[in-house]
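Please read the structure below before turning to the comments.
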Amino acid sequence: MTLGYKTYYRRLIAGSMFILGVFFLWILAQTPGLADAGNAFLLTITQGIWLGASMPGILLCVMASSCLMGYGLFVRKRYALTLFWSGFALYFLAGMMGLGTRY
């Protein structure tokens, strides 16, 4: 079942914002302030992926998340939303694993 463009992208953005919110709140619970949580969130996306790209396991997670998100963007079926969100969450988890290699 193919969803309409408007409905599909509304659900796509709403689910993505929900996942981002959950990750941000999780990071906020572990840091002393809002500014520190914002910095940690951005470090997860940027430096975490950069550090993890040198490790084969984390690089595989990043590539798999890119494939899942790409499929979810271009195939507008109901199950593709779940694949996109899984790839989206996997991308942030790969960033956290990348930051974990630094410590």
Side-chain angles (χ1 to χ4, degrees):
M1 177 179 164
T2 302
L3 298 172
Y5 284 109
K6 194 174 192 177
T7 304
Y8 182 78
Y9 289 111
R10 187 180 316 129
R11 288 183 183 176
L12 184 82
I13 291 170
S16 300
M17 291 298 118
F18 176 73
I19 291 169
L20 284 173
V22 167
F23 275 113
F24 185 75
L25 289 176
W26 183 69
I27 290 172
L28 181 64
Q30 297 180 357
T31 57
L34 189 62
D36 294 329
N39 288 338
F41 189 75
L42 290 175
L43 277 177
T44 300
I45 298 170
T46 56
Q47 191 176 11
I49 296 296
W50 179 73
L51 288 171
S54 63
M55 301 192 70
I58 298 173
L59 183 60
L60 180 66
C61 287
V62 171
M63 290 181 353
S65 70
S66 298
C67 291
L68 288 171
M69 287 190 295
Y71 185 80
L73 282 175
F74 295 116
V75 177
R76 290 184 310 110
K77 297 208 180 266
R78 186 173 302 234
Y79 63 87
L81 283 172
T82 307
L83 291 176
F84 178 84
W85 293 326
S86 298
F88 199 68
L90 183 62
Y91 183 77
F92 280 97
L93 290 174
M96 286 182 200
M97 288 187 291
L99 280 179
T101 61
R102 188 175 80 175
Y103 299 111

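Owing to the predicted nature of the structure, the values given are computational and were not obtained by experimental measurement.
- From I45, atom CD1 reaches atom CG of L20 across 7.0 Å, with rounding to the nearest 0.5 Å.
- If you chain together hydrophobic residues whose side chains sit under 4.5 Å apart, I13 and M69 fall into the same group.
- Of all the heavy atoms in F23 and F41, the pair that sits closest is CB-CE1, 4.1 Å.
- Among all heavy-atom pairs drawn from T44 and A40, the shortest one is OG1-O, 2.8 Å.
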Review point. I27 and Q30: side-chain contact (heavy atoms from CB on, under 4.5 Å), yes or no, with the steps?
Key: CA-CA 5 Å; I27 290 172; Q30 297 180 357; 5.6 Å; no
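- Between the CH2 atom of W50 and the CD1 atom of I58 there is a distance of 13.0 Å, given to the nearest 0.5 Å.
- The hydrophobic cluster containing I19 also contains M17, counting ILVMFWY residues as joined when their side-chain heavy atoms lie under 4.5 angstrom apart, directly or transitively.
- Looking at residues two or more places apart in sequence or on another chain, you find no side-chain hydrogen bond (donor to acceptor under 3.5 Å, both in side chains) involving Y9.
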N/O donor-acceptor pairs under 3.5 Å from side chains in residues 84-97, not counting sequence neighbours:
| from | atom 1 | to | atom 2 | distance (Å) |
| --- | --- | --- | --- | --- |
| W85 | NE1 | L12 | O | 3.4 |
| S86 | OG | T82 | O | 2.8 |

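- Under a hydrophobic clustering in which Ile, Leu, Val, Met, Phe, Trp and Tyr are joined whenever their side-chain heavy atoms come within less than 4.5 Å, directly or via other members, M55 and L59 fall into different clusters.
- With values rounded to the nearest 0.5 angstrom, L73 atom CG is found 11.0 Å from L68 atom CG.
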